[in-house]
Peer 1: 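My questions all concern the structure below.
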Amino acid sequence: RQLAGRPTAVLAPEPDSGADVSTGPGGRTSATDDRWADLFGRLHAMPLDEKLTLVRETILATADLDGEVAFDLVESVAGPCRDAGRLDDLDGVIDLVERTRPAAFTEEACWFHDWRAENALLRPGGDPMPHLLAPAKDPGPDIDGFFRLIDWLRYHGRSGELVRVLTAAW
């Protein structure tokens with residue numbers, strides 16, 4: 001995936017700022033692309049708590065947040081949250097996208113359900129079923145992710161859930 005640069009409400013320069021605002025691929029502006037690249041560069045170098053704060057603030061402040069940027073924001077904290085055992089924080093960021101930016105959530109729902117299902121599988125006694133059943137009914141563009149989750153269920157010996165998911169998908 002490439003960094004997206006469509007949202008302009010928060011990150012684009014003011015029209016009279018003198019910044020380069022020439023139109024790039026997909027109608028994006030190079031100044032906006034540079035601002036997103038800068039944001040993700042800063043996120044990469046931050047400690048987890050600062051990342052989470054900046055990601056949450058960006059989700060809340062960017063009214064025209066699209067699915068691609070929402071995905072990139074969540075992805076920037078997914079690995080670090082899991083590495084630190086902070087699955088609730090990762091789920092909270094996904095919940096924030098779903099609650100405040102439903103159109104962006106819908107665009108990338110297959111990925112967000114993937115993360116939620118994997119988090120449930122990582123929790124002792126976690127219930128991945130709601131998150132597995134949503135894409136089972138319509139996996140959309142992420143059929144490979146759906147099969148990856150099926151493999152996770154097999155690996156973890158969760159055959160009852162595996163049968164329910166495959167039945168729903170059938």
Side-chain angles (χ1 to χ4, degrees), residues 1-4 6-7 10 36 39-170:
R1 297 179 67 88
Q2 294 181 349
L3 295 180
R6 284 175 279 207
V10 172
W36 280 120
L39 174 81
F40 285 104
R42 287 185 298 144
L43 277 171
H44 181 71
M46 289 181 173
L48 180 54
D49 286 327
E50 291 176 32
K51 279 184 192 191
L52 287 164
T53 298
L54 183 56
V55 164
R56 289 178 186 125
E57 289 173 355
T58 302
I59 291 166
L60 291 171
T62 310
D64 58 347
L65 188 76
D66 67 13
E68 190 173 354
V69 174
F71 170 91
D72 290 337
L73 288 167
V74 174
E75 183 181 47
S76 73
V77 296
C81 281
R82 286 194 176 141
D83 291 346
R86 294 175 61 177
L87 301 178
D88 290 340
D89 286 324
L90 176 54
D91 285 338
V93 171
I94 296 169
D95 292 345
L96 183 64
V97 173
E98 184 177 26
R99 190 175 62 254
T100 63
R101 303 294 178 243
F105 182 88
T106 300
E107 286 179 43
E108 301 291 337
C110 57
W111 295 104
F112 295 127
H113 288 299
D114 263 6
W115 277 314
R116 286 175 167 168
E118 289 175 18
N119 285 353
L121 287 169
L122 292 171
R123 289 184 174 100
D127 181 15
M129 290 312 296
H131 314 297
L132 291 170
L133 290 174
K137 293 175 183 161
D138 180 20
D142 189 34
I143 192 71
D144 292 333
F146 176 71
F147 286 121
R148 185 179 62 252
L149 290 172
I150 296 300
D151 288 341
W152 270 57
L153 289 172
R154 289 178 32 211
Y155 177 80
H156 289 285
R158 298 180 80 157
S159 56
E161 288 132 330
L162 177 61
V163 170
R164 285 180 52 205
V165 169
L166 292 176
T167 301
W170 184 257

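One is the number of the first residue; the rest follow in order along the sequence. The model shown is predicted, which means the values in this text are computed figures rather than measured ones.
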Peer 1: State, with a plain yes or no, whether a side-chain heavy atom of D89 is found less than 4.5 Å away from one of V77.
Peer 2: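 Counting from C-beta outward, D89 and V77 never come under 4.5 Å.
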Peer 1: Would you check if R123 and D91 make a side-chain contact, meaning some heavy-atom pair closer than 4.5 Å?
Peer 2: yes
Peer 1: Before you tell me yes or no, could you show the steps for V55 and V74 under side-chain contact (heavy atoms from CB on, under 4.5 Å), namely the whole-Å CA-CA distance, both residues' side-chain angles and the distance that decides it to 0.1 Å?
Peer 2: CA-CA 8 Å; V55 164; V74 174; 5.7 Å; no
Peer 1: Are R82 and N119 side-chain neighbours, meaning at least one heavy-atom pair lies under 4.5 Å?
Peer 2: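 Yes - at least one pair of side-chain heavy atoms lies under 4.5 Å apart.
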Peer 1: Look at the rings of F112 and F105 and say which category their plane angle falls in: under 30° parallel, 30 to 60° tilted, over 60° perpendicular.
Peer 2: parallel
Peer 1: Got a salt bridge between R101 and D64, using NZ or NE/NH1/NH2 to carboxylate O under 4.0 Å?
Peer 2: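 D64 and R101: not salt-bridged.
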Peer 1: In Å, rounded to the nearest 0.5 Å, how long is the span from CG of L121 to CG of L87?
Peer 2: 11.0 Å
Peer 1: Do V163 and R158 come within less than 4.5 Å of each other through their side chains, counting heavy atoms only?
Peer 2: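 No. Closest side-chain heavy atoms not under 4.5 Å.
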Peer 1: Looking at side-chain heavy atoms only, is the closest gap between E98 and I94 below 4.5 Å?
Peer 2: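 In short, these two side chains do not touch, never coming nearer than 4.5 Å.
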Peer 1: Distance from L43 atom CG to E75 atom CD, nearest 0.5 Å?
Peer 2: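 Here the rounded value is 11.5 Å.
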Peer 1: Taking only Lys NZ, Arg NE, NH1 and NH2, and the carboxylate oxygens of Asp or Glu, determine whether R116 and D127 approach each other closer than 4.0 Å.
Peer 2: no
Peer 1: Kindly give the heavy-atom pair with the smallest separation between L65 and A104, and that separation in Å.
Peer 2: O-CB, 3.5 Å
Peer 1: What's the spacing between E68 CD and E107 CD if we round to 0.5 Å?
Peer 2: 8.5 Å
Peer 1: Hey, are the side chains of L54 and L39 touching, using non-hydrogen atoms and a 4.5 Å cut-off?
Peer 2: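 Heavy-atom side-chain distance check passes, below 4.5 Å.
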Peer 1: State, with a plain yes or no, whether a side-chain heavy atom of T62 is found less than 4.5 Å away from one of V69.
Peer 2: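 They are not in side-chain contact.
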Peer 1: Under a 4.0 Å threshold between the charged nitrogen and the carboxylate oxygen, would R86 count as salt-bridged to D49?
Peer 2: yes
Peer 1: Is it true that a side-chain atom of S76 and a backbone atom of L73 form a donor plus acceptor pair closer than 3.5 Å?
Peer 2: yes
Peer 1: Do you know which two heavy atoms are closest between H44 and K51, and how far apart they sit?
Peer 2: O-NZ, 3.8 Å
Peer 1: Report yes if the side chains of L52 and C81 come closer than 4.5 Å at any heavy-atom pair, otherwise no.
Peer 2: yes
